[in-house]
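Okay, so here's the structure we're looking at.
Only heavy atoms go into these numbers, but all of them, side chains included; no hydrogens, no water, no symmetry mates.
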Amino acid sequence: MFNQNLDSKPQTSAPKQAQQTLRLSVLATAIASVTSMSAIAANDTQTSEVETLVVTGSLIGHSELEDVKEYPGARNILTQDQIKKTSALSIDSALQSVPGIKVQDETGTGVLPNISVRGLKASRSGHAQFLMDGVPLTLAPYAHTGQSIFPATMATLDRIDIVRGGAAVQFGPNNVGGVINLVTKPIPHQWQTEISNRLTVFEDGDKPLNDVYLRTGGWLSDTLALQVEGNFLTGESFREHSDTDVTNFQAKLQWLLSDTQELQAFVQRYDADTQMPGALAPADYDDDRTQSKRPYDEYQGESTRWSLKYLHDLAIADGAELEILTFGHNSDRFFQWGFSELADDWADPSQPSTHIRTSPRQFEVYGIEPKLAIYVAGPSVTQNWILGARYVNEDIDYKLTHTSIADGSTTVPRDWHSDTDAYAGYVSNEIGLFNDRFKVTPGIRYEFVNMTFNDFGEATTTDNKVTEWLPGLTLAYNLTEQWVAYSNAQKSLRAPQIAYIRGKGEEGSELAWNYELGARYTQDSTSFNVALYRIDFKDQLVWNPTTQYFDNVGKTLHQGIELSGRYVPESLPALSLGGGYTYLDATLEEENIVKGYKKGNQLEYTSKHQLNWDATYTFSKLEATLSGYYFSDAYSENANISQEDSIGKAGKIPAYMVWNLNIGSDLYKDENSKLRMNLGVNNLFDEDYYFRGIDTSPIGRYPAPGRTYILDLNYQF
């Protein structure tokens, strides 16, 4: 198996057979070299040797369920089927069923997700490495990691791979919270067309949210495959001032150039336009949680993305693969929000706005990443080398305007430009011992980042350079065929963001050491995972909405335990039970009396306890799933003030528990077509809960969706 998108290859095409012939010849050569050894006399031992001959240029494989079984770290994969069973409203909603992940829902439509991993800051999901089919998804992988454009829609995804440890050497930077790979739907072997319509009706809303998805694709010949997709999201959430319009077009191509070479291409156009209802003062929330007091808040984003991947199977060593990935995008995002100069705090939701602020930003990003994977089978040791390098250029225009509502006069508080050249190199070697029962993978990554920052308003230029060596080590031991014990340690980097580089003395990188110790059991449809984790974070920067600057809160410590499992009783195979528990202790490790930070204080928005569960029972042609999640209370700022104030700026965020119900059925099915229906209720018991203010509306209560009904029809033919 070489590092190619195997699930999207034709099953019986001539090129496929030719590639299999090549791979079998490589296997045969390797088998011939090892069968002379007396230690490999038994058939089962020979089978073990064959199975280890896997050349892959990715530490996380192809984000398949099978890749999780022996992975040396905490990891979950959500399939499209599982996402629909839990009646998830959006991608971020689906992720709440994963241990260690917490979401702040800003729009109710998933357009602007705020995802926290293991207590790291949720705003714009800026502390995790997001990928789409292995390609960086963020606006700028180095200088702007916040996902203020999130060019992904749930209907286009086949699965979501959440890797929380062990992948930092290859997938960097900004992987303190791990790697989340969104895997799009593969090109099918036979030509297939898919039409789906998902209608979401909010019990408290006025207008439903309609999600239409179209896909058609397949193999045009034995060597060429094509797929095109369109996704259209229109309507409102449950709040006033929440009109949403999203279009997402994608096309992918696979071309088998020869028996050993392949070209994969991807292009996307994403456009989003949404109103933002904003946070509410506690009194307004109690009066009507669906209303909006932020009439000027809105968002637009557009992005054109592309990637091109060349794959070449090389006849060197016992197997090798060369991959060259190029990628880029041109993106524009625009936020507009109300700003008050009458209130003590500009974002006081109880006061009218006196000004309108906008933050238009443009991004041009280009990257190239060649890597080589080499497999070497020795008499007692196997090795799987991965050597890679990457160059990324980021060009960012970053403005802020301030316009008076009364007279229309405009000032430009910020007019910045950032040009980043980032170079990285990495090497790792998975060493297999004792017939690959014990695997040790040392690795190291080197980052050199040259960031030129221009402040046109101040007529100043700053050069900021970052160099870091980022080592990592993973261990995995197969105790039995079912049990794998693992451990990993890795150093992670988040480069200085464009918003930080202002000559304030806090332009350094955010650095962290991540550690995990765990074990995983897998047997057919039953699995269990336990992971102890610890993140030692240095120089963590937190946005202060009052001062409009970032506070360096110094060292923080994130530690805890994650449990997850799935059980299918042998005596009752129609029943599937899943669940998870997370204990998180995320604290400040340095004291700052001036800012009210005390050592040992809980980090803002972090819940110590998280539970998730689901139970699916299949009877006749129906499949019923009851699922949910629970998060304990949390502080809304690092000073840990318990009592809520009159504007909702401080105070604890209460615990909440949400139950979901889904009933699915295949209304029609034959060899070539299927009509599937899912009927779901999200927040079944209409739990009244909220988050604290977010980003452009950082003060007040941000209502979460109440009871919501979902009707999903999907036809494939």
- Query: Thinking salt bridges, do Lys309 and Glu262 make one under a 4.0 Å N-O criterion?
  - Reply: no
- Query: Looking only at atom types and distance, does a side-chain atom of Arg164 sit under 3.5 Å from a main-chain N or O of Arg118, one as donor and one as acceptor?
  - Reply: no
- Query: So, Thr290 versus Asp288: side-chain donor-acceptor pair below 3.5 Å or not?
  - Reply: yes
- Message: Regarding Arg676 and Glu623, does a basic nitrogen lie under 4.0 Å from an acidic carboxylate oxygen?
- Response: yes
- Is Asp712 salt-bridged to Lys84, cutoff N-O under 4.0 Å? yes
- Salt-bridge present (Arg75, Asp161; N to O < 4.0 Å): yes
- Considering all heavy atoms, the nearest Thr184-Asp158 contact: O-CB, 3.7 Å
- Checking ring-ring contact (aromatic ring centres under 6.0 Å, His included) for the pair Phe130/Phe150: CA distance, chi angles, key distance, verdict? CA-CA 10 Å; Phe130 274 86; Phe150 193 73; 5.6 Å; yes
- Query: Going by heavy atoms in the side chains, are Asn114 and Phe691 under 4.5 Å from each other?
  - Reply: no
- Query: Side-chain donor-acceptor pair under 3.5 Å between Asn714 and Arg198, yes or no?
  - Reply: no
- Message: Under a 3.5 Å distance rule, please check whether Ser307 uses its side chain to pair with a backbone N or O of Arg305 as donor and acceptor.
- Response: no
- Side chains of Ser576 and Arg566: do they bring a donor and an acceptor to under 3.5 Å? yes
- Query: Can you find a side-chain donor-acceptor pair between Gln261 and Tyr310 that sits under 3.5 Å?
  - Reply: yes
- Thr582 side chain vs Gly100 backbone, donor-acceptor pair below 3.5 Å: yes
- Message: Do Tyr689 and Asn683 have side chains that approach each other closer than 4.5 Å (heavy atoms only, starting at C-beta)?
- Response: yes
- Are Asn231 and Thr153 linked by a side-chain donor-acceptor pair shorter than 3.5 Å? yes
- Query: Phe249 and ring-ring contact (aromatic ring centres under 6.0 Å, His included): which partner among Phe266, Tyr270, Phe232?
  - Reply: Phe232
- Message: When you compare the side chain of Asp67 with that of Ile60, does any pair of heavy atoms fall below 4.5 Å?
- Response: no
- Task: Ignoring hydrogens and angles, state whether a donor on the side chain of Asn181 or Ser63 is under 3.5 Å from an acceptor on the partner side chain.
- Result: yes
- Item | Side chain Arg239, main chain Gly278, donor-acceptor under 3.5 Å | yes
- Parallel under 30°, tilted from 30 to 60°, perpendicular over 60°: which one fits the rings of Tyr299 and Phe335? tilted
- Task: Decide if atom CD of Gln291 counts as having more than 12 heavy atoms of other residues, nucleotides or ligands within a radius under 6.0 Å.
- Result: yes
- Message: Taking the basic N atoms (NZ, or NE/NH1/NH2) and the acidic carboxylate oxygens, is any pair closer than 4.0 Å for Arg124 and Glu106?
- Response: yes
- Message: Ignoring hydrogens and geometry beyond distance, is a side-chain donor-acceptor pair present between Glu302 and Gln300 at under 3.5 Å?
- Response: no
- Strictly by modelled atom types, are Arg269 and Thr304 linked by a side-chain donor-acceptor pair under 3.5 Å? yes
- Decide yes or no for Glu298 and Asp273: does some side-chain heavy atom of the first lie under 4.5 Å from some side-chain heavy atom of the second? no
- Distance, nearest 0.5 Å, that separates OG1 of Thr86 from CG of Asn682: 8.5 Å
- Item | Approximate separation, where rounding is to 0.5 Å, of Leu120 CG and Ser125 OG | 11.5 Å
- Query: Going by atom types alone, do Arg215 and Gln192 pair a side-chain donor with an acceptor below 3.5 Å?
  - Reply: yes
- Query: In terms of the angle between their ring planes, are Tyr690 and Tyr285 parallel, tilted or perpendicular, with boundaries placed at 30° and 60°?
  - Reply: perpendicular
- Note on the structure: Shortest non-hydrogen pair, Gly166 vs Tyr71, comes out as C-OH, 3.3 Å
- Do Lys207 and Glu236 meet the salt-bridge criterion of a basic N to acidic O distance under 4.0 Å? no
- Query: Nearest heavy-atom pair of Asp686 and Gly706: which atoms, and what distance?
  - Reply: OD1-CA, 3.4 Å
